[in-house]
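Heavy-atom basis, side chains included; hydrogens, waters and symmetry copies ignored.
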Amino acid sequence: MCFKTLPVEFDERGQATLRGGIPNPYDVTVAKPDVGTTEEERTARIERLMARNGHIKDLNMDPVTRIAGAMAVHVTADLENRAYLDSHAVATLFRGYEVILMGRDPRDAIFVASRACGVCGGVHAHAAAYAIESAMGITPPPLGTVVRNMTEAAEMGYDNPLHLYLLAGPDYSESVVKTTNPELWPKAEAWSCPNAHIHGFATMADLMTALNPLTGALYREGLEFTRLSREMVVLLTGKYPHPENVVPGGVSTTLTLQALNEYHSRLGKIFDYAQRMMAVWDDIPTFFYEADERYQLTGYRPSNQIDPGYWDDPYAYDATYANCNAWGEKRWSTPGVVIGGELLTTRLTDINIGWEEFVEHSYYEESSTTRFATDPLGNPLSPYHPWNKRTLPKPGAKNWKDKYTWACTPRWDRQVVEAGCYSRLLMTATAQKMPESRFMTATGSSMRFVVPKGETGEREVEWRVPEKWNAFERNRGRAYHYLFSQLVALESLLQAYDLHRRGERRVAALDPEELEKAIPDDERVSVGWWGAGRGWLTHHLVMDKGKITNYQICTPSTINASPRDPWDQPGPYEEAVMNTPILERMSDPSDFTSIDMLRAIRSFDPCMPCTTHVHTGAGEVVREVNTCSCGGD
């Protein structure tokens with residue numbers, strides 16, 4: 001293991017140290033990753049093209065619809081050469097969950113942080129619990145970890161259909177395709193779906209009609225199955241969203257055999273649906289690739305991805321940072337970093353010490369203090385690491401060369417990485433370290449799944465690592481992740497039945513009085529490594545004298561929506577848009593809808609409510625605006 005850009009090297013035991021002979025090893029002018037064209041070069045090119053023809057179009061899409069929360073995208077498009085010349089992703093507001101937590105009892109983080117999002121509050125509650133029990137040295141009993149796994153698998157069962165059929169799905173529907181690419185519709189009417197025997201749609205036109213918003217059969221079925229998964233969550237947590245049963249050291253659920261059976265009865269309905277979902281999202285890319293091979297570049301970016309893993313082994317997880325590499329690699333979803341298609345590490349400590357967050361193009365002031373030079377194991381930490389981050393809001397005018405968004409800029413080894421639930425498939429497939437399972441196998445280049453027998457019978461399916469990561473492969477990967485997550489739910493349910501049968505029914509390590517006494521007085525640092533419907537989720541915690549002194553949340557949409565970094569590397573949304581060809585048909589520039597850009601952006605499943613968080617350092621939150629669609633009422 002070695003970092004390409006950061007001045008960190010490893011000995012034969014994997015111990016990290018800073019390379020010598022560098023006056024300021026973390027100076028951004030010393031270690032420079034590979035960078036393409038700069039903002040100045042892109043601007044100069046656009047100005048030359050504008051002087052030569054009138055086909056250059058600036059488009060500010062504010063807001064981007066059919067995502068969770070508030071987001072704007074600015075693009076400069078060359079309609080003559082059918083290319084996007086520039087792109088900027090803008091998180092248009094911030095919210096103050098981290099400042100609310102400053103000075104509070106660490107246990108409060110579970111309930112406050114879960115409000116970061118109305119779509120996936122459970123993942124924030126669990127990430128906070130992981131951070132707290134790591135700082136306090138509390139190990140959950142096996143059944144407590146199993147219940148967490150069951151809850152979060154069910155939450156993924158809600159999240160994935162929501163994206164595929166209610167948010168991104170309409171981009172491939174009859175109503176949109178007929179408007180933006182009418183030449184595709186006759187092809188769709190004549191194209192026989194290879195998987196018609198599974199999903200029931202004879203032609204691609206039939207399938208596209210089923211994707212129509214509100215009226216389409218797939219759209220309505222997606223609503224039904226999101227409800228089913230939410231019921232599964234409620235059986236374990238008592239409410240949805242924002243669970244009230246998550247505590248440091250486990251959960252507070254009274255788990256009965258009846259609750260397990262009711263969870264089981266709902267889970268059993270999902271596997272036939274999962275087969276149809278995978279069949280639908282196998283056929284859609286095949287059709288578009290055959291219609292025009294350039295669709296393989298829609299939303300394309302290199303295979304640079306990151307994930308901290310998900311769903312713990314109940315007998316391996318002990319909550320300690322010292323053992324995190326061991327228990328991390330025993331997760332159902334393996335931690336990892338893939339750069340250029342190559343798996344570099346599966347060690348959580350490597351992932352942690354390579355992590356930095358920059359604010360050059362964000363509405364914040366840079367932190368002026370560094371508190372932690374190393375992690376608890378002595379590995380070197382950057383001054384830009386979340387444990388050292390003190391983000392201070394500094395709103396101002398929008399300037400593409402300066403500051404233009406409320407999202408910060410996370411980077412690993414100073415390289416641009418993306419996060420996604422499909423990243424779990426990628427890491428797990430390539431690492432081949434997942435636990436033994438009767439339903440799931442990692443082959444090195446694919447994930448093989450055995451779908452349990454339902455109305456359509458048992459079936460084996462395989463997700464293969466794609467040659468090109470693009471909008472279509474993100475959606476296909478999300479469909480297979482739906483099955484992955486529900487098979488984790490099944491494995492966890494079987495573990496719960498076994499523990500219940502053996503009389504091991506304790507779900508929390510400590511009762512409330514013991515937990516009160518366990519809060520330490522000395523300074524502690526910790527991190528909760530977890531996941532969300534969109535991939536990576538971490539909560540970095542610093543506490544002292546029994547109170548929170550710093551709290552930093554990094555969500556998958558923070559990573560994907562990030563702006564330029566100090567080396568002018570665009571964030572994943574921005575890069576994916578600039579690699580996207582313009583394939584929509586238009587007779588006049590005024591008809592330009594930018595559907596290709598929207599397909600690229602939506603394929604990441606943006607969730608902007610929990611993208612932007614700030615710690616003000618002083619003052620109080622006097623107004624909060626929540627634009628998440630789930631809170632519209």
Please check if the side chain of [X] supplies one atom and the backbone of [Y] the other of a donor-acceptor pair under 3.5 Å.
{"X": "N149", "Y": "S492", "value": "no"}
{"X": "S114", "Y": "A125", "value": "no"}
{"X": "N323", "Y": "A326", "value": "no"}
{"X": "S562", "Y": "P410", "value": "no"}
{"X": "S134", "Y": "A131", "value": "no"}
{"X": "T5", "Y": "D413", "value": "yes"}
{"X": "H126", "Y": "G122", "value": "yes"}
{"X": "S362", "Y": "A407", "value": "yes"}

Fill in: Stepwise side-chain contact (heavy atoms from CB on, under 4.5 Å) test for F3 and F10
CA-CA 9 Å; F3 289 135; F10 294 79; 4.0 Å; yes
Do NZ/NE/NH1/NH2 and the carboxylate oxygens of [X] and [Y] come within less than 4.0 Å?
{"X": "E523", "Y": "R371", "answer": "yes"}
{"X": "D312", "Y": "R331", "answer": "yes"}
{"X": "D565", "Y": "R411", "answer": "yes"}
{"X": "R107", "Y": "E133", "answer": "no"}
{"X": "D159", "Y": "R534", "answer": "yes"}
{"X": "E356", "Y": "R414", "answer": "yes"}

Can you check whether [X] reaches [Y] side chain to side chain, under 4.5 Å on heavy atoms?
{"X": "D307", "Y": "S333", "result": "yes"}
{"X": "I548", "Y": "V542", "result": "no"}
{"X": "E418", "Y": "E575", "result": "no"}
{"X": "V416", "Y": "N304", "result": "no"}
{"X": "M156", "Y": "Y310", "result": "yes"}
{"X": "P308", "Y": "L348", "result": "yes"}
{"X": "P248", "Y": "I110", "result": "yes"}
{"X": "C324", "Y": "T349", "result": "yes"}

Worksheet entry | Exercise: identify the closest heavy-atom pair between L18 and E9 | O-OE2, 4.4 Å
Practice prompt. Taking all heavy atoms of L167 and all of R602, pick out the closest pair and write down the distance.
Written response: O-CD, 3.9 Å
